[in-house]
Q: 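My structure is below; once you've seen it, I'll send some questions.
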Amino acid sequence: MYFCEVKESKKDIRALTKEQLQEFFISQGDKSFRGSQVYEWLWNKGVHSFDDMTNISKDTREMLKENFVINHIRVDRMQRSSDGTIKNAVKLHDSLTVESVLIPTKTRTTACVSSQVGCSLDCQFCATARLKRMRNLNPDEIYDQVVAIDNESRLYYDRPLSNIVFMGMGEPLMNYNNVMKAIEKITSPEGLGMSPKRITVSTSGVPKMIKKLADDEAKIKLAVSLHSARDEVRTAIMPFNETFPLKDLRESLEYWYSKTKRRITYEYIVWKDINDTPEDARALVQFCKYVPCKVNLIEYNPIDDGDFRQAAGSATDMYQEMLEKNGITVTVRRSRGKDIDAACGQLANKSS
Ligand SMILES: C[S@@+](CC[C@H](N)C(=O)[O-])C[C@H]1O[C@@H](n2cnc3c(N)ncnc32)[C@H](O)[C@@H]1O
Ligand code: SF4
């Protein structure tokens with residue numbers, strides 16, 4: 001039984017849903033609305049100590065202290081890039097660290113958040129892959145990163161956060177349940193009340209979980225880090241493609257579109273001598289025909305000792321032309337926050 005366990009080792013109270021908190025208070029002979037009050041303190045007001053719950057009696061607060069702890073993240077270090085990007089090194093309750101980034105533009109402020117400490121996938125060009133996967137983040141650890149960035153956005157840019165992308169450390173679909181719980185909290189009126197349409201989950205492509213996302217009717221946007229539409233090339237740079245080849249990815253994306261009618265964004269880097277030939281571009285055009293989509297050609301952010309080199313501008317132009325000729329929308333995205341290692345794929349807990 002859940003409540004027998006809490007006496008033995010103190011449990012993070014924020015792992016409880018509102019209903020579980022209400023049940024807990026009933027089991028203690030109290031009223032269920034006490035659970036709602038505590039829930040509000042934890043999620044709407046974001047308190048870090050039971051003593052701050054001023055409308056809860058002292059006895060009840062002591063009882064809570066005996067049973068639970070309030071785990072929370074701490075922004076250990078904040079760095080600001082010359083382009084205004086902010087990177088937070090976030091210390092978790094067990095002293096592990098993840099990173100999250102605030103990217104301001106004229107029209108929006110985007111939070112780029114982490115979903116795992118490290119990553120279990122092995123993309124050869126990504127700094128996070130080098131860390132391996134240490135653990136999944138809990139829903140509250142993901143939510144707290146967003147709150148911290150929202151506070152910074154208000155403080156430094158005088159506006160609330162407008163968008164969230166799961167493009168920090170880790171593969172969100174390999175931590176599916178916790179990511180979905182965090183999104184639920186971010187979008188709920190008791191949390192941040194953000195529209196799910198402003199949230200993008202970026203995945204390297206885990207077919208089974210893409211289908212689950214569609215089945216669960218998640219209202220978020222989906223981005224897929226494709227980087228090659230040729231199996232032999234993709235497997236060389238993203239070895240898990242051997243297990244989840246392009247035909248399975250394609251099938252899952254067709255399923256996603258049939259259920260959601262929402263187009264997909266493909267993230268794509270063009271590297272020198274890896275995927276910079278017309279044959280590579282033609283394969284991408286063909287892949288783009290399966291499901292309504294747009295392509296984001298992103299800049300490569302070099303990581304230490306990596307063999308990858310950004311292709312010449314002419315190769316990116318060749319891709320852009322070929323895609324546009326075939327009626328596919330293309331955007332070319334410049335990296336932000338490079339001087340503080342805050343750009344995509346550079347997050348690896350460097351302390352410099
Ligand atoms: C770090 S991943 C996290 C989300 C998810 N795991 C994924 O792969 O989509 C976010 C994006 O960064 C890209 N990326 C990884 N390493 C990069 C690098 N060195 N330069 C530019 N983008 C990179 C990924 O391909 C992906 O599109
Ligand atoms: S690109 Fe994404 S899936 Fe690949 S190693 Fe990096 S974080 Fe993991």
Side-chain angles (χ1 to χ4, degrees), residues 85 87 98-101 103 110-137 142 145 164-176 178-179 182 199-207 209-210 213 220-229 233-244 249 252-253 264-272 274-275 284 293-311 316 331-338 341-350:
T85 301
K87 179 168 87 170
V98 290
E99 293 173 333
S100 30
V101 180
I103 308 150
T110 303
C112 173
V113 295
S114 295
S115 55
Q116 298 182 307
V117 188
C119 186
S120 54
L121 299 182
D122 44 10
C123 306
Q124 304 291 293
F125 47 83
C126 175
T128 306
R130 310 272 168 95
L131 298 173
K132 307 291 176 209
R133 188 193 78 91
M134 286 177 242
R135 75 168 170 86
N136 286 338
L137 294 191
I142 298 170
Q145 290 176 69
I164 300 171
V165 292
F166 281 82
M167 290 192 187
M169 297 164 75
E171 169 50 56
L173 296 192
M174 298 294 253
N175 183 17
Y176 186 88
N178 290 352
V179 166
I199 302 176
T200 301
V201 171
S202 175
T203 175
S204 53
V206 188
M209 302 318 288
I210 291 174
L213 205 53
I220 48 96
K221 289 186 181 161
L222 183 65
V224 174
S225 305
L226 191 60
H227 303 311
S228 176
V233 177
R234 197 167 194 260
T235 299
I237 57 177
M238 302 167 88
F240 65 87
N241 185 71
E242 183 122 51
T243 320
F244 311 128
L249 177 61
S252 71
L253 296 174
I264 291 150
T265 299
Y266 295 127
E267 307 286 325
Y268 202 101
I269 304 173
V270 188
W271 286 285
K272 185 175 182 314
I274 291 178
N275 60 354
L284 175 60
C293 64
K294 72 167 188 164
V295 174
N296 229 344
L297 291 176
I298 62 179
E299 202 181 328
Y300 175 56
N301 304 307
I303 56 171
D304 292 348
D305 67 32
D307 296 332
F308 290 81
R309 299 278 170 269
Q310 174 91 44
T316 311
T331 51
V332 180
R333 201 177 74 200
R334 298 261 159 270
S335 285
R336 304 284 306 271
K338 270 202 211 178
D341 283 336
C344 266
Q346 286 187 316
L347 302 184
N349 296 339
K350 273 201 253 168

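One-based numbering along the sequence shown. Order of listing sets the numbers, starting from 1, for every ligand and every atom in it. Note that these values count all heavy atoms, side chains included, but never hydrogens, waters or copies made by symmetry.
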Q: Partners of Phe240 by side-chain contact (heavy atoms from CB on, under 4.5 Å), sequence neighbours excluded?
A: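 In terms of side-chain contact (heavy atoms from CB on, under 4.5 Å), with neighbours along the sequence ignored, Phe240 is linked to Leu121, Asp122, Cys123, Ser204, Arg234, Met238, Phe244.
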Q: Give a yes/no on ligand 1: does Cys123 have at least one heavy atom closer than 4.0 angstrom to it?
A: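 The answer is no: ligand 1 sits nowhere under 4.0 Å from a heavy atom of Cys123.
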Q: Using a 4.0 Å cutoff against the non-hydrogen atoms of Glu267, which atoms of ligand 1 qualify?
A: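 Matching atoms, with element in brackets: 27 (O).
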Q: Using a 4.0 Å cut-off to any heavy atom of Gly170, which atoms of ligand 2 qualify?
A: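 Those atoms are 7 (S).
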Q: Hey, is ligand 1 close enough to Tyr300 that some N/O pair sits below 3.5 Å?
A: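 For ligand 1, there is no N or O atom that lies under 3.5 Å from one belonging to Tyr300.
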Q: Over 60° means perpendicular and under 30° means parallel, so tell me whether His227 and Tyr268 are parallel, tilted or perpendicular.
A: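 Aromatic pair His227/Tyr268 classed tilted.
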Q: Considering only heavy atoms from C-beta outward, does the side chain of Ser202 approach that of Pro172 to under 4.5 Å?
A: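 No, side chains not in contact.
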Q: Hey, does Asn275 have a side-chain heavy atom less than 4.5 Å from the side chain of Leu284?
A: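 No, every pair of side-chain atoms sits at 4.5 Å or beyond.
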Q: Please state which part of Ser204 comes within less than 4.0 Å of ligand 2, counting heavy atoms only: side chain, backbone, both or neither.
A: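 Answer for Ser204: side chain.
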Q: I need the contact type for Glu171 against ligand 1. Using non-hydrogen atoms and a strict under-4.0 Å cut-off, is it side chain, backbone, both or neither?
A: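 Both the backbone and the side chain of Glu171 come within reach of ligand 1.
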Q: With respect to atom 6 (Fe) of ligand 2, please indicate if Cys126 possesses an N, O or S atom at a distance under 2.8 Å.
A: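 Checking atom 6 (Fe) of ligand 2 against Cys126, an N, O or S atom does fall under 2.8 Å.
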Q: Against ligand 1, does Ala127 come closer than 4.0 Å with any heavy atom?
A: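 Under 4.0 Å: no for Ala127.
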Q: Side chains of Ile274 and Phe125: closer than 4.5 Å at any heavy-atom pair?
A: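 The answer is no; the side chains never approach within 4.5 Å.
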Q: Within ligand 1, which atoms have a heavy atom of Gly168 less than 4.0 Å away?
A: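 The atoms of ligand 1 under 4.0 Å from a heavy atom of Gly168 are 1 (C), 3 (C).
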Q: Would you mind listing which atoms of ligand 1 come within a distance below 4.0 Å of any non-hydrogen atom of Glu299?
A: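 Numbered from 1, ligand 1 contributes 21 (C).
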Q: Mark up the atoms of ligand 2 that fall under 4.0 Å of a heavy atom belonging to Cys119, in ascending order.
A: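 Within the 4.0 Å cut-off of Cys119, ligand 2 contributes 3 (S), 5 (S), 7 (S), 8 (Fe).
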Q: Measuring from the heavy atoms of Thr203, does anything fall under 4.0 Å of ligand 1?
A: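 Yes; Thr203 lies near enough to ligand 1 that a heavy-atom distance drops under 4.0 Å.
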Q: Between Gly170, Cys119, Ser202, which one has a non-hydrogen atom sitting closest to atom 6 (N) of ligand 1?
A: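 When every heavy atom of Gly170, Cys119, Ser202 is considered, Gly170 comes closest to atom 6 (N) of ligand 1.
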Q: Looking at Phe166, which atoms of ligand 1 are within less than 4.0 Å of one of its heavy atoms?
A: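 Going through ligand 1 atom by atom, the ones under 4.0 Å from Phe166 are 4 (C).
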Q: Just so I know, are the side chains of Thr265 and Thr331 near enough to count as touching, which here means a heavy-atom distance under 4.5 Å?
A: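 They are not in side-chain contact.
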Q: What's the shortest heavy-atom distance between Cys112 and Gly168, and which atoms?
A: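 In this case the closest contact between Cys112 and Gly168 is SG-N, 3.4 Å.
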Q: Between Phe308 and ligand 1, find which residue part has any heavy-atom pair under 4.0 Å and reply side chain, backbone, both or neither.
A: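 For Phe308, no heavy atom sits under 4.0 Å from ligand 1.
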Q: Judged by atom type as modelled, is there a donor-acceptor pair below 3.5 Å linking the side chain of Ser100 to the main-chain atoms of Val113?
A: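 No; zero donor-acceptor contacts below 3.5 Å.
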Q: Run the side-chain contact (heavy atoms from CB on, under 4.5 Å) test against Thr203 and tell me which residues pass, sequence neighbours left out.
A: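 Here the qualifying residues are Glu171, Leu173, Val206, Ile210, Leu222, Val224.
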Q: Are Ile220 and Leu213 packed together at the side-chain level, in the sense that at least one heavy-atom pair is separated by less than 4.5 angstrom?
A: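 Result yes, sub-4.5 Å side-chain heavy-atom pair found.
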